[in-house]
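Just below is one structure, and these are the notes that go with it.
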Amino acid sequence: MEKTYQPSSIETKHYEHWEQSNYFQPSGNGAPYSIMIPPPNVTGTLHMGHAFQQTIMDALTRYHRMMGRDTLWQPGTDHAGIATQMVVERLLAADGKTRHDLGRETFIDRVWQWKAQSGGTISSQMRRLGDSVDWTRERFTMDEGLSEAVREVFVRLFDEGLLYRGKRLVNWDPKFHTAISDIEVENKEEQGSLWHFRYPLADGVTTVDGKSYLVVATTRPETMLGDSAVAVHPDDERYTALVGKYVELPLVGRRIPIIADDYVEMDFGTGCVKITPAHDFNDYEVGKRNGAQLINIFDKSAAVLPVAEAFEYSGKALEDFDGTLPDGYAGLDRFDARKKIVAEFDALGLLDSIKDHTLMVPRGDRSHDVIEPWLTDQWYVAATKMAQPAIDAVKNGDIEFVPKMYENEYYNWMNNIQDWCISRQLWWGHQIPAWYDKDGGVYVGRSEEEVRTKYTLDPSLELRRDEDVLDTWFSSALWTFSTLGWPHDMDMVRRFHPTDVLVTGFDIIFFWVARMIMMTLHFIKDENGKGIIPFKKIYMTGLIRDENGQKMSKSKGNVIDPIDLIDGIDLETLVGKRTSGMMQPQLAAKIEKNTRKSFPDGFAESGTDALRFTLTSLASLSRDINFDVKRLEGYRNFCNKLWNAARLVQMNTFAQVEGSDELGAPLDCGQHGGEMEFSLADRWIRSRFQKLEAEVHKHYQQYRFDLMSQTLYSFIWDEYCSWYLELSKPVFWNENSTDAQLRGTRKTVVGVLEALLRLIHPIMPFISEEIWQSLKPVSGETGDSIMLEPFPMPNNASIDSAAEADLEWVKGVIMGVRNIRGELNIAPSKAISVLLANGDAEDKRRYQENEAFLKQLAKLDNIQWLEAADQAPASSQALVGHLKVLVPMAGLIDVAAEKARIAKEVEKTQKELARIEGKLTNEKFISKAPDDVVAKEKEKAEALNSKLIDLNAQVAQLDAL
RNA sequence: AGGACUAUAGCUCAGUUGGUUAGAGCGCUGCCUUGACAUGGCAGAGGUCUCCAGUUCAAAUCUGGAUAGUCCUACCA
């Protein structure tokens, strides 16, 4: 082992060895355990959220592998339809081209090229993270096998009536010219206006108060070109007389009816609402109920059509509709049309008022363009019909969310689920397996050939394939079984279903998790035809945010590439990375400034293990996780600590080579038997270790990686290093230690470390492997890799309560002396003498058995046991139970400082005593609290009382000097 | 508008079924280059557990309310 811990020099070599040795593949032995990776976007890069989730998945995978399970962690990527197409279109745009210039086939070739070029990033990042995925089974959602699964599911759902095509209002992205599903729309509050327009009443009718017009309010004036009614509330007495009458739509000149519908809120605005069924989801429903015409005025870019089109609610076009629109609007963008309409209303004296208004604006999650409700033909999955089994699976406990609170969110959404719009007007994706004849007949099948056979079509009939592709989530919804070979190869599906746990973020619970549950239950059945769940547990991780709680995003410039934390990165490179390739280059200056301020030195190299340990230590059950680089630094130091502890172990278990750092021959550590004598410290650390093992197992069961990390950290640092290794030194350094004593302590020092390494391996795979390998000559281990070794199991036989109590006593005495040293400024280098007084037989035994430990760790040159009759000199005193640890003051101690120290102690003790006596004088506490609680409090009070008396005596003694 | 979640040390967070001297990391103060480690050691300071009320012998923990923040769903045109 190198003298200093250098992660870069150990990580890659172990990973390569593991992968080449096929250690990541299922062993074929033991009960199956499987995890499906949430597939990242193939052309993207991993961010902190991925690193976080993958660390957890890898820890779970390695843990269960070491527990003897037949373990599969399935890797893969998805094709991310819109996101990927968008990137490639941007590349083309740089050359002044659009995808239409290339044509569909050439464009798709270009996307595949881009995938080939960028697709390796993800897998190399995963290798750097140490992910023990079975690379031989890596899958991509556009692979032939997975594409076949997509076609299969589409066709079967269609044949079962669970998938259909229809003309409906969809969320239309006018920038990408595609429909998106409701959950891909982000609603954000924005500042806008509320325009009040006057719509003249037709046929000379007037309102109750004698006006010749109605006032309607709108946030979207441009849609008035498509108005087909004005609605009022049926109970609104101001307007009841007008229901059934008409208004004359300004600019357009169309007569549109006044209808009554209780959708209208009487109290809002004027109580009159313009109804535009083809451009608003609510208006669509109102229009449908009341037979208002469905009038579309926009093209696919949300620019005004030359002539409006009208439809029946069945989707059939109305042939005889007069769609004439006012002059000057054809081809006008929606926002320009808005300005023009407002101006014309104003000019006509029909603009009643304009008010500032805050409204929710729907924007596409990829394009950030304002989404337009638009009438188009789309394909839908009848999710409303598939939801129930998926709800039941969670209700009856087959699938369990961790943390539990997400189940409510799941039910809430599932109970109000909408049919899922799955078609996308893109080129990159799975093309829909549907064909049309020229009369609009629809034929669905796995191929054109199959369609012709299935529907017995005349060979001469011309068929045209649907040009649209499917939502990426449609293919990811099949992920748990399509990756395993469905529909042809069912062996793996049967073996690894249901998978054990899904580790993912709560932000995709609807996009992915819910849909996977529905699809898997529907398509994967057991021998009795009952649906099989995709996974037993869903571990929902929090969202990784930056150190200020901000969501990490490219446009904020606060994303962190996990590899940069592993390898380190200098400030200039980091700034360059964050400000290049931006969608909004104007933000670059601000990002640069923030980056320089937050990380003036860039990131230091921390190594994968430190990063992974940091991530697991953050994995509490909370919903937001703020990632602070400071935390990483702390755990990098922890790796260093472990490394150096291992070096100390080696120095005491291998022969020293004169004038060299190289290790000599392994010493006798009991590998081959021989008599062994274990010191108190040996027995203590073994006992403590059993409890640690039990804790670690428990935390795996409960997915509390944060608590597990903390437990391991404090054991290694505070118990193994700070106490145990220090306590091993007196044995190693004492020339009088017997062979049996040396063997016993060497055995323990090595044995506990070796087991610790296995215990921590799932979180810190590299450093644990490196040290474990170097210990082989003294640990007696012969396996090829730590990752194949059994995970440590607690053994109650090694629990030694007496040793634990004795060692607590030893620690107490040492800490007492150290406290006096610290408070009274006695140099650590100065050896001092102490007296032990007021002790009982147990204290005496402990003192006699552990004198060497006390002398070593408290830096004492002499310890003297005082019997009751002996007179103690003026001393500074610490208490360990009844036992007084006395440091004589002569020549050492400043009386004033000592008095101050005691005063502080007295105050603390009095405060505590008052609190407890308050309880004990309370009748009700005595009578109602359980006896053991009362007894405990009484004991405490007694101890505090005698301590107080003692402290006062000391003060008196000092005063007498 | 409805719902969920959060509020604990200067910062980031733990605190399991009510009984702890309320913990950790980072930061801070003092001392120390002792033969694993200064990426270190030892000692220490720092908290009316957001506020109010209630239940209880006992509340950071349970209940109700308030305030602040985050998120989700829906939406008044």
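Throughout, protein chains are lettered first and strands after them, A, B, ... in sequence-line order, and every chain is numbered starting at 1.
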Could you list all N or O pairs between the protein and nucleotides 69-74 of chain B that sit under 3.5 Å apart?
unit_1	atom_1	unit_2	atom_2	d
C71(B)	O2'	Arg623(A)	NH2	3.1

Ring centroids of Trp733(A) and G35(B) base under 5.5 Å with planes under 30° |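 The ring of Trp733(A) is stacked on G35(B).
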Flag side-chain contact, heavy atom, 4.5 Å: [X] against [Y]:
X: Asn922(A); Y: Ile926(A); answer: no
X: Ile544(A); Y: Met552(A); answer: yes
X: Ile814(A); Y: Trp723(A); answer: yes

Return the value, rounded to whole Å, for the distance between atom [atom1] of [X] and atom [atom2] of [N].
X: Ile560(A); N: U12(B); atom1: CD1; atom2: C1'; answer: 14 Å
X: Asn637(A); N: A36(B); atom1: CG; atom2: P; answer: 19 Å
X: Leu725(A); N: G41(B); atom1: CG; atom2: C1'; answer: 14 Å
X: Leu727(A); N: A36(B); atom1: CG; atom2: P; answer: 15 Å
X: Lys830(A); N: C31(B); atom1: NZ; atom2: C1'; answer: 16 Å
X: Arg818(A); N: G41(B); atom1: CZ; atom2: C1'; answer: 9 Å
X: Met266(A); N: A77(B); atom1: CE; atom2: P; answer: 18 Å
X: Phe638(A); N: A24(B); atom1: CZ; atom2: P; answer: 16 Å

Nearest to the side chain of [X] - [options]?
X: Glu937(A); options: A77(B), U20(B), C5(B); answer: U20(B)
X: Met405(A); options: C5(B), C42(B), C57(B); answer: C5(B)
X: Leu194(A); options: A77(B), C5(B), A14(B); answer: A77(B)

Hey, does [X] reach any base, or is it just sugar-phosphate, or nothing, if we go heavy atoms under 4.0 Å?
X: Arg821(A); answer: nothing
X: Trp717(A); answer: sugar-phosphate
X: Cys639(A); answer: nothing
X: Glu726(A); answer: base
X: Tyr713(A); answer: sugar-phosphate
X: Lys911(A); answer: nothing
X: Ser622(A); answer: sugar-phosphate
X: Asn282(A); answer: sugar-phosphate
X: Ile926(A); answer: nothing
X: Lys630(A); answer: sugar-phosphate
X: Lys729(A); answer: base

Mind telling me whether Tyr410(A) and Phe401(A) have parallel, tilted or perpendicular rings, with 30° and 60° as the class edges?
->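 Ring orientation, 0 to 90° scale: tilted.
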Look at the rings of Phe345(A) and Phe197(A) and say which category their plane angle falls in: under 30° parallel, 30 to 60° tilted, over 60° perpendicular.
->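 Because their plane-to-plane angle is under 30°, the rings of Phe345(A) and Phe197(A) count as parallel.
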Distance check, [atom1] atoms only: [N] and [M], in whole angstrom units.
N: G10(B); M: U21(B); atom1: C1'; answer: 23 Å
N: G15(B); M: A59(B); atom1: C1'; answer: 14 Å
N: U8(B); M: G23(B); atom1: C1'; answer: 10 Å
N: C26(B); M: A9(B); atom1: C1'; answer: 12 Å
N: U63(B); M: G18(B); atom1: C1'; answer: 13 Å
N: U67(B); M: A74(B); atom1: P; answer: 26 Å

Base partner of [N], which must satisfy Watson-Crick or wobble distances under 3.5 Å:
N: U70(B); result: A4(B)
N: U21(B); result: none
N: U29(B); result: A43(B)
N: U55(B); result: none

On RNA chain B, nearest-nucleotide positions of Asp280(A) versus Asn644(A): which is more 5'?
->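 The 5'-side residue here is Asn644(A).
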Whichever of Asp718(A) and Lys928(A) has its nearest RNA chain B nucleotide further upstream toward 5' =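 The residue mapped nearer the 5' terminus is Asp718(A).
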Salt bridge present between Lys811(A) and Glu808(A) (N-O < 4.0 angstrom) |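 The answer is yes: the pair qualifies as a salt bridge.
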Basic-acidic side-chain contact under 4.0 Å: Lys188(A), Glu186(A) |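 Looking at Lys188(A) and Glu186(A), the cut-off is met.
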Quiz item: Glu407(A) side-chain donor-acceptor pair to A4(B) base, under 3.5 Å |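 Check fails, no donor-acceptor contact within cut-off.
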Side-chain N,O ([X]) to OP1/OP2 ([N]) below 4.0 Å:
X: Lys924(A); N: C57(B); result: no
X: Arg704(A); N: G15(B); result: yes
X: Lys641(A); N: G41(B); result: yes
X: His357(A); N: A77(B); result: yes
X: Ser620(A); N: C13(B); result: no

Sub-6.0 Å ring centroid separation between Tyr635(A) and Tyr713(A) |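 Under 6.0 Å, so yes.
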So, for Phe603(A) and Phe599(A), is the gap between ring centers shorter than 6.0 Å?
->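 Yes, ring centres under 6.0 Å apart.
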Can you tabulate the close N/O pairs, meaning under 3.5 Å, that link protein atoms to atoms of nucleotides 44-49 of chain B?
unit_1	atom_1	unit_2	atom_2	d
G44(B)	OP1	Asn819(A)	ND2	2.7

Going by distance alone, is a donor N or O of one side chain under 3.5 Å from an acceptor N or O of the other, for Ser709(A) and Thr616(A)?
->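 Yes - a donor-acceptor pair under 3.5 Å links their side chains.
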Any donor and acceptor pair, going by atom type alone, linking the side chain of Ser193(A) with main-chain N or O of Trp195(A) inside 3.5 Å?
->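 Not a single qualifying donor-acceptor pair exists.
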Between Thr270(A) and Val215(A), is there a donor-acceptor pair closer than 3.5 Å when you use the side chain of the first and the backbone of the second?
->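 Side chain of Thr270(A) to backbone of Val215(A): a pair is present.
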Atom pair CZ/CD of Phe853(A) and Gln856(A) - distance to nearest 0.5 Å =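 Nearest 0.5 Å value for the CZ-CD distance: 10.0 Å.
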